[in-house]
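These notes concern the structure reproduced below.
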Number of protein chains: 2
Amino acid sequence: MPVEPNYFQQYQHADIEELADVIGELLQNPITVEDADHKLIAYSSHGESTDEARWSTIMGRRVPEKVLTRLWKDGVFQELLTQDDPVHIPAKDEIGLGKRVAIAIRRGSDVLGYIWAQEVNRPITRDDDEILRQAARVAVSRLIQRQGKRKAEEQRRKEFLWELLLGNHSSEAAIRQKADILQMQLPTSYLICIIEAAGARLDQYLYPLLMRDKLLWVVDGSQIILLIGLSDAKKGKSDVLIRKVEQFLSDSLGKLEAHVTEGRQVIAGYGRDYKSYTDIVKSYREALHALKIKKLFPQENEGVHGYHELGIYRYLLQLKQWEEEQGYQNERLEKLRQYDRENQTTLLTTLETFLDAAGKVNKTAERLHIHINTLSYRLRRIEEIMRVDLDNMNQRAALYLELKIAKLDGEQ
Amino acid sequence: MPVEPNYFQQYQHADIEELADVIGELLQNPITVEDADHKLIAYSSHGESTDEARWSTIMGRRVPEKVLTRLWKDGVFQELLTQDDPVHIPAKDEIGLGKRVAIAIRRGSDVLGYIWAQEVNRPITRDDDEILRQAARVAVSRLIQRQGKRKAEEQRRKEFLWELLLGNHSSEAAIRQKADILQMQLPTSYLICIIEAAGARLDQYLYPLLMRDKLLWVVDGSQIILLIGLSDAKKGKSDVLIRKVEQFLSDSLGKLEAHVTEGRQVIAGYGRDYKSYTDIVKSYREALHALKIKKLFPQENEGVHGYHELGIYRYLLQLKQWEEEQGYQNERLEKLRQYDRENQTTLLTTLETFLDAAGKVNKTAERLHIHINTLSYRLRRIEEIMRVDLDNMNQRAALYLELKIAKLDGEQ
DNA sequence: AGTTTGTTTGTGAATTTTCACAAATGGAAA
DNA sequence: TTTCCATTTGTGAAAATTCACAAACAAACT
């Protein structure tokens, strides 16, 4: 095994800009160094020829969003995050990205940043990999300091998010000021999303996704609380944001369910979207409410995450509490339950299925595996026993509510 | 004009029993004197021959219920109450009532009682009317004393009812004790019913009915509050009581609507039935709630009086208040309203009609006077604009609630 | 054992719903 | 003016619903 030369012997203490130049000279190609958040740290100065992606990165002091999105989608970052060796990336003309090689700068399992070498003057071969490996090692100490700052900053941001979630700030102006101080650009439209998975290291599994979408988040016990927003206030605002959240959830839930212990459930809920940052408390409470409801009515709200989709379930807890305060007890339902007990029938289930099926006899009979005439007989019976008129929307809706409220007591 | 003799000259100070005997002798027929509540006061003692009605009255110290009901139904009391002359009543064999003549004992417009002369030994002719007229006049002073007592007693009973309505008594035992003192027999199962008619003398118009059903009642502004009960605890308790109330309401509302100024509304509501008298507050509040809802949603609750029939309307006020506390505003409905405004359409009305018709397209199209395909097109449009699925019961019920809640704001 | 009662399933016909497709209408934009 | 678009109405066929009526069945009662 040939002993590789130590390319950076004399640059152990060089500053990061100088390092970029040295790598650039060794590879005879333009170099870019970024931190974990894809912010530009340094770049080689022989800027003869380059591609649009690098140019944009330098001008914007950060890798353009569309490039990042594409690279996440193509799995490039996933590779970079999981292996120590350089990754060779083919050109992606649609996003102005020329052929290049990249390597993660890492300490232990933490990724501190990346070195990018554009392949423009000469091809970069497997022989050059060692140069990049060594460069990444040398860069570590340079980034650790940054990393320290970044961590502290992130910590402050998370504390800020908590303050917002708990409604500590009452003035919109104060919030914007503090965000400025923390160098955060708050989205113009946002909402709060919560994912809960008992016994899973949520932040760990979701890290790639969180990074990809630049989300602000905090972990609270078995929940991870996310602030998801849109910066450009488009016309169809609400819809776009909600599509983004649903996309994010479908990505994350898929990922999490693979990791979580069998039987353990992963659930997610999100609040409504707001523009004012004093309303963040609302969105958070709504997300919590959605989560609560999803635990109480898992089947009924399968595939539903948004508070705005809860329908009547949004009211249930409130109504139940009210009924209890009033000492109200539902005689009609009790009558039916009693009939079921005394006659070994299942009229209550029949009624619930019928209501759930929005009054479609066909669907109901199918779900209950009974003849349609049996169903019609049972429904007539139910109307007699409870003295209700199932053709009357008021009564039907009221029954539906009462039934679901009753389920809250576990009376079933 | 011949001067009529003064038949009772020498009996001006006779006691009421003696008076009955004197009238009996003058008419040569059995006489009964009752107070306004049809309780027996006196009867002539020559009890040779009589009919079942009189016999039962004497034995029970009160006119039997079935006789009273029949006489009210036949309009006999209505006649007695409105005229000074004796009323000649044909025999009503089904209730054991022989032919007789009656006259009201009145002071001014107040009816203090009645004198009944059964027509058994000899016919009573128009010539005898003057005897009865004079007898009634003489009886007045005898009854006034009674009347005074009765009024005071009634006053105390009304105060007691108010105490019950306001929940001043917390112990069931205390209530029963007080009822005993006031010589009231509380029904075992009861409810509170309220009738409201602005600008009508409720107690006056309803007096016959109130008397007929021996109800306990108080007047509060334009409302009359009634305690309606059943003494014998039957099996189908609730149903029987409710039928009784509905019967009473159909009687009274019919009567009132004839009297009330055109355009003025007469509305009625009643609470649920209870057994414990500490729950009277509940039934009263429920009746008030029903009344309130009927004012807010007159069409929707046409023909509905009972709190138990309110369906979702029972929840609306509470939910509205909650929504306001939460600062929730319904975007979906607003979207549809906006669409209607911008395009001169009536999708909101279409939606409401559809929901009110419990999703029956046929009925909906008919009510809206549109082609069924027009309806189906509009519904598709509504689903697109609001992003709802009208086949989903949760969403349908939620929409229904939201729609009715929105109507509370008069946004329409 | 026979009878009653409540429940389930079957048959058949009238009616309603659903869906796809086409034509007519009327207002707004080009 | 034409063209486009949303809306309304029409036609027709398949599917679903409603209703009346009857047969089969099991459990409870006499």
Side-chain angles (χ1 to χ4, degrees), chain A residues 235-236 239 332-393 395-397 399-400, chain B residues 235-236 239 332-393 395-397 399-400:
Chain A
K235 276 187 302 183
D239 294 350
R332 288 190 302 186
L333 281 185
E334 194 40 58
K335 233 183 227 171
L336 201 61
R337 260 195 223 101
Q338 190 182 333
Y339 189 92
D340 272 353
R341 271 197 304 275
E342 287 172 359
N343 302 65
Q344 277 84 257
T345 49
T346 56
L347 294 186
L348 196 68
T349 314
T350 307
L351 176 60
E352 188 178 0
T353 312
F354 176 73
L355 291 176
D356 280 338
K360 301 269 170 200
V361 281
N362 226 8
K363 219 189 282 183
T364 312
E366 216 166 81
R367 287 188 196 166
L368 291 170
H369 310 292
I370 56 174
H371 193 277
I372 192 166
N373 285 5
T374 306
L375 175 61
S376 112
Y377 171 77
R378 286 193 193 170
L379 290 176
R380 209 181 328 126
R381 248 12 230 95
I382 290 171
E383 287 185 320
E384 284 166 15
I385 295 168
M386 304 184 79
R387 299 183 162 273
V388 288
D389 172 14
L390 289 175
D391 287 341
N392 179 327
M393 181 60 174
Q395 303 205 33
R396 198 189 273 192
L399 264 188
Y400 184 60
Chain B
K235 276 187 301 182
D239 295 350
R332 288 192 301 187
L333 281 185
E334 195 39 58
K335 232 183 228 171
L336 202 61
R337 260 193 225 104
Q338 191 182 332
Y339 188 91
D340 272 353
R341 271 196 304 273
E342 288 172 359
N343 302 65
Q344 277 84 257
T345 48
T346 55
L347 294 186
L348 195 69
T349 313
T350 307
L351 177 60
E352 188 177 1
T353 312
F354 176 73
L355 291 176
D356 281 338
K360 300 271 172 200
V361 281
N362 228 7
K363 219 188 283 180
T364 312
E366 216 166 82
R367 287 187 197 168
L368 290 171
H369 310 292
I370 56 174
H371 193 277
I372 191 165
N373 285 3
T374 306
L375 176 62
S376 114
Y377 170 76
R378 286 192 192 168
L379 291 177
R380 209 181 327 125
R381 234 39 213 83
I382 290 171
E383 287 186 320
E384 283 165 15
I385 294 168
M386 305 185 78
R387 298 182 164 275
V388 289
D389 173 13
L390 289 175
D391 288 341
N392 179 328
M393 181 59 174
Q395 303 205 34
R396 197 189 275 192
L399 264 189
Y400 184 60

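Every chain is numbered from 1 and lettered A, B, ... according to where its sequence line falls, protein lines coming before strand lines. Note: hydrogens, waters and symmetry copies are ignored here, and every other heavy atom, side chains too, is used. Model, not experiment: these values are computed from the prediction.
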Problem set entry | E383(B)/R380(B) under salt bridge (Lys or Arg N to Asp or Glu O under 4.0 Å): CA gap, chis, key distance, verdict | CA-CA 5 Å; E383(B) 287 186 320; R380(B) 209 181 327 125; over 6 Å; no

For this session: Kindly give the heavy-atom pair with the smallest separation between L351(A) and M386(A), and that separation in Å.
Result: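 Looking at all heavy atoms of both residues, the shortest contact is CD2-SD, 3.9 Å.
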
Exercise. Would you say the side chains of R367(A) and T353(A) form a donor-acceptor pair under 3.5 Å?
Worked result: no

Exercise. Roughly, in whole Å, what's the span from CD in E342(A) to P in dA28(D)?
Worked result: 13 Å

Exercise. Between dT17(C) atom P and R380(B) atom CZ, what is the distance in whole Å?
Worked result: 16 Å

Exercise. Quick one: which of T349(A), T346(A), T345(A), T350(A) gives a side-chain hydrogen bond (donor to acceptor under 3.5 Å, both in side chains) with D340(A)?
Worked result: T345(A)

Exercise. Does the pair E366(A)/K363(A) count as a salt bridge with the N-to-O cut at 4.0 Å?
Worked result: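 Answer for the salt bridge query: no.
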
Problem set entry | Under 4.0 Å protein heavy-atom contact, by nucleotide of nucleotides 5-17 of chain D - B base, S sugar-phosphate only | -SBBBBB----SS

